[in-house]
Amino acid sequence: MRFGAEMRRGMIKLIASDVDGTLIEDSTPDLYQEMAEAIRELKKKGILFCAASGRQYPSLRNVFREVADDIAYIAENGAHICYQNKNISVTPMKREDVEGILSMLRPYYGQCEAIVSTVNGSLVESRNQEFLDLITYGYHNTFRQVKDILAEDEEIIKLAVYQKDSIRSLGESVFIPKWKDRVKVCMAGEEWVDFMDGSVDKGNGLKFLEEYLGIGKDQTMAFGDNDNDIGLMRAAGHSYAVDTAVEEVKKAAGGICPGWRQKGVYQIIRKEVLFHA
């Protein structure tokens, strides 16, 4: 196990962690008890924890339900940032981009499933019960089934496409190359590709939160595992990729820590922050 350089005692004020594949197993709804207790300890010491995820805000609140009002949220990869039960930043996608992406994706329905996010929850056209069960019981998303997403009068902040087991081949050969020059598009786990406005990135979300709270980069720690966490690694003065992370995230991070199976995020927070705070 490799850890980052020793940090000055008591300097960390903000800790941002990816959720799926970093903090907990992909597509699961529950946070382990030690982590909830650590978040409570952090708060007592004046250190804010932030969930930084491609998930929607209600899904994240469910994961962190024991401490939901004690943390900040960089949801939808940074398109929706919440703190103290307030929306402090919302970044919508351009309508023409949403129309174009859906036009590309609809021929893949059956092989893939699409879901779009709004501040008020998600919209899905799918009738695939397995997928609906995943977003209902795995992610605990708030969503509505609709016949035509584009017919709904909603401001869309993220569009995601899912393929069971892995979408990486299709994502990296078709979806990402086609849209990488128009929007922010990235792998968000082995089974998901996410599309957002070009300005949206977890790293930009963390920078916004740092500025909003008056916290410096050198007072911030971050954890991640997948392509949508690269910006997060770069925006924090102290960053860790879990040992199961993709290589690009490991290169962007300052250190490597154990993955979710070994509760690596908790290990680092306990060793490097709470022990010295």
Side-chain angles (χ1 to χ4, degrees), residues 3-19 22-23 31 35-58 60-61 63-64 66-92 119 157-158 184 196-224 228-241 249 252-255 257 265-266 268-277:
F3 296 101
E6 188 71 9
M7 64 191 70
R8 192 171 74 251
R9 303 296 184 247
M11 70 184 301
I12 298 299
K13 297 295 183 186
L14 174 62
I15 299 173
S17 179
D18 172 53
V19 177
T22 298
L23 187 60
L31 184 68
M35 193 64 210
E37 292 170 359
I39 290 170
R40 294 188 186 99
E41 287 189 55
L42 289 170
K43 182 183 179 183
K44 289 177 183 176
K45 296 177 183 298
I47 302 168
L48 179 65
F49 183 86
C50 175
S53 174
R55 292 197 191 206
Q56 64 165 221
Y57 177 53
L60 289 172
R61 283 192 64 90
V63 172
F64 293 89
E66 290 189 37
V67 290
D69 292 332
D70 297 331
I71 71 173
Y73 299 86
I74 296 173
E76 311 287 10
N77 291 318
H80 188 192
I81 304 176
C82 303
Y83 180 55
Q84 296 180 332
N85 289 308
K86 294 187 296 186
N87 297 330
I88 60 174
S89 177
V90 176
T91 307
V119 171
I157 59 176
K158 192 189 79 177
K184 179 64 180 288
M196 296 78 58
D197 180 78
S199 67
V200 169
D201 181 84
K202 287 187 189 180
N204 290 340
L206 184 56
K207 291 174 186 176
F208 176 90
L209 194 58
E210 288 168 346
E211 184 175 345
Y212 183 87
L213 298 170
I215 293 173
K217 177 179 178 179
D218 64 342
Q219 297 174 304
T220 304
M221 178 181 283
F223 300 86
N228 59 341
D229 297 316
I230 292 171
L232 196 65
M233 301 295 95
R234 294 171 177 164
H238 309 273
S239 59
Y240 295 86
V249 178
C257 74
V265 174
Y266 171 76
I268 293 292
I269 290 174
R270 174 60 61 189
K271 177 180 183 288
E272 300 289 347
V273 181
L274 287 174
F275 182 75
H276 298 298

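Atom CG in L23 sits 5.5 Å away from atom CZ in F49 (nearest 0.5 Å). In this structure, CG in L232 is found 10.5 Å from CG in N204, a value given to the nearest 0.5 Å. Atom CD1 of I268 sits about 12.0 Å away from atom CG of L274, to the nearest 0.5 Å. Rounding to the nearest 0.5 angstrom, the gap separating the CD1 atom in I71 from the CG atom in L14 is 11.5 Å. Rounding to the nearest 0.5 Å gives a distance of 10.5 Å between CD1 of I47 and CD of Q219. Going from atom CD1 of I269 over to atom CZ of F223 covers 5.0 Å, rounded to the nearest 0.5 Å.
Every residue two or more places apart in sequence or in another chain that forms a side chain to side chain contact (heavy atoms under 4.5 Å, CB included) with A235 is listed here: L206, K207. Partners of R61 by side chain to side chain contact (heavy atoms under 4.5 Å, CB included), not counting sequence neighbours, listed by chain and number: Y57, A68, D69, Y73, N85. Applying the side chain to side chain donor-acceptor pair (under 3.5 Å) criterion to E210, with sequence neighbours excluded, gives T220. Every residue two or more places apart in sequence or in another chain that forms a salt bridge (Lys or Arg N to Asp or Glu O under 4.0 Å) with E66 is listed here: R40. For K217, there are no salt bridge (Lys or Arg N to Asp or Glu O under 4.0 Å) partners two or more places apart in sequence or in a different chain.
Closest heavy-atom contact between A253 and Y240: CB-C, 4.0 Å. In this structure, D70 and K43 approach most closely via the heavy-atom pair OD1-NZ, 2.8 Å. Between G224 and T22 the shortest heavy-atom distance is C-OG1, 3.3 Å. Considering all non-hydrogen atoms of both residues, S239 and A252 come closest at OG-O, 4.1 Å. Nearest heavy atoms, S17 versus V265: OG-CG2, 3.9 Å. Of all heavy-atom pairs spanning S53 and L60, the tightest one is CB-CD2, 3.6 Å.
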Side-chain donor-acceptor pairs under 3.5 Å in residues 75-84, sequence neighbours left out?
unit_1	atom_1	unit_2	atom_2	d
E76	OE1	S117	OG	3.1
E76	OE1	K158	NZ	3.2
E76	OE2	S117	OG	3.0
N77	OD1	N228	ND2	2.8
N77	ND2	D194	OD2	2.7
H80	NE2	N87	OD1	2.7

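The shortest side-chain heavy-atom distance between M196 and T91 does not fall under the 4.5 Å cut-off. Residues M11 and H238 are in side-chain contact: their nearest non-hydrogen atoms beyond the backbone lie under 4.5 Å apart. Counting heavy atoms from C-beta on, the side chains of I157 and V200 never come closer than 4.5 Å. A heavy-atom distance below 4.5 Å is found between the side chains of V19 and F64.
Under the salt bridge (Lys or Arg N to Asp or Glu O under 4.0 Å) criterion, no residue pair touches residues 230-240, with sequence neighbours excluded.
For K13 (side chain) and I215 (main-chain N/O), no donor-acceptor pair under 3.5 Å exists by modelled atom type.
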- Task: Please step through side chain to side chain contact (heavy atoms under 4.5 Å, CB included) for the pair K45 and V273, ending with a clear verdict.
- Result: CA-CA 10 Å; K45 296 177 183 298; V273 181; over 6 Å; no

